[in-house]
Amino acid sequence: QVQLVESGGGSVQTGGSLRLSCAASGNTYSSRYMGWFRQAPGKEREGVAAIDPNGRTSYADSVKDRFAISQDNAKNTLYLQMNSLKPEDTAIYYCAAATIMPSPSLMLWHRSYPYWGQGTQVTVSS
């Protein structure tokens, strides 16, 4: 089991930046694949960014060139740097982890991840 705790959410204006953090503890081997997901009210949970054990990343088209996922293995912490934020980025952001990934094409699919944090709210105002 791995425990995930997100932090760094908040309220910003359009064009602003935030950096989310996700601290992993417990059996961190379970978190070989990690991702950021978000869910807005009335919408399905969607994949935002993910990273594999080799550092290869995947991004949703809606956040490419604005968001960057990274990890500090020494600190067992995952990050999401979010720049040029838009009102449509408003959502609860979740960190997720998985031990295995059947296919790289599944890295942004929420059902690929068994471990989840509690989420952190990001609100972008116009």
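As the structure is a computational prediction, the values presented were derived from the model and not from experiment.
Applying the ring pair (Phe, Tyr, Trp, His ring centres under 6.0 Å) test to pairs two or more places apart or on separate chains, those with a residue in residues 106-126 are F37-Y113, F37-W116. Counting only residues at least two apart or on different chains, the disulfide (SG to SG under 2.5 Å) pairs with a member in residues 3-101 are C22-C95. Listed by first and then second residue, the disulfide (SG to SG under 2.5 Å) pairs involving residues 41-76 amount to none (not counting sequence neighbours). Contacts classified as salt bridge (Lys or Arg N to Asp or Glu O under 4.0 Å) and involving residues 66-81 (residues at least two apart or in different chains) are given here: R66-D89. Listed by first then second residue, pairs satisfying salt bridge (Lys or Arg N to Asp or Glu O under 4.0 Å) with a partner in residues 116-126 number zero, not counting sequence neighbours. Contacts classified as salt bridge (Lys or Arg N to Asp or Glu O under 4.0 Å) and involving residues 111-126 (residues at least two apart or in different chains) are not found. Within the structure, side-chain hydrogen bond (donor to acceptor under 3.5 Å, both in side chains) pairs that include any residue of residues 12-21 comprise S17-N83 (at least two apart or interchain). Listed by first and then second residue, the ring pair (Phe, Tyr, Trp, His ring centres under 6.0 Å) pairs involving residues 77-96 amount to none (not counting sequence neighbours).
The backbone N or O of V5 sits nowhere less than 3.5 Å from a side-chain atom of Q118 that would complete a donor-acceptor pair. Remark: the backbone N or O of G119 is paired with a side-chain donor or acceptor of E6 at under 3.5 angstrom.
N54 CG: more than 12 foreign heavy atoms inside a 6.0 Å radius. Atom CD of E44 has 12 or fewer neighbouring heavy atoms from other residues, nucleotides or ligands inside a 6.0 Å radius.
Atom-to-atom distance recorded for L20:CG and T77:OG1 is 12.5 Å, nearest 0.5 angstrom. Distance check: S58 OG to L106 CG gives 10.5 Å after rounding to the nearest 0.5 Å.
Residues passing the salt bridge (charged side-chain N to carboxylate O under 4.0 Å, His left out) test with R56 are D52, sequence neighbours excluded. By the side chain to side chain contact (heavy atoms under 4.5 Å, CB included) test, S25 is found to be paired with Q3, residues two or more places apart in sequence or in another chain being considered. Every salt bridge (charged side-chain N to carboxylate O under 4.0 Å, His left out) that D61 has, sequence neighbours left out, goes to K64. Legend: residues meeting salt bridge (charged side-chain N to carboxylate O under 4.0 Å, His left out) with R32, ordered by chain and number and at least two apart, are absent.
With a 4.5 Å cut-off on side-chain heavy atoms, Q71 and L78 count as touching.
Each of V122, T120, V48, V63 was checked for a side chain to side chain contact (heavy atoms under 4.5 Å, CB included) with L80, and the lone residue meeting it is V48.
Under the 4.5 Å side-chain contact rule for hydrophobic residues, I51 and F67 share a cluster.
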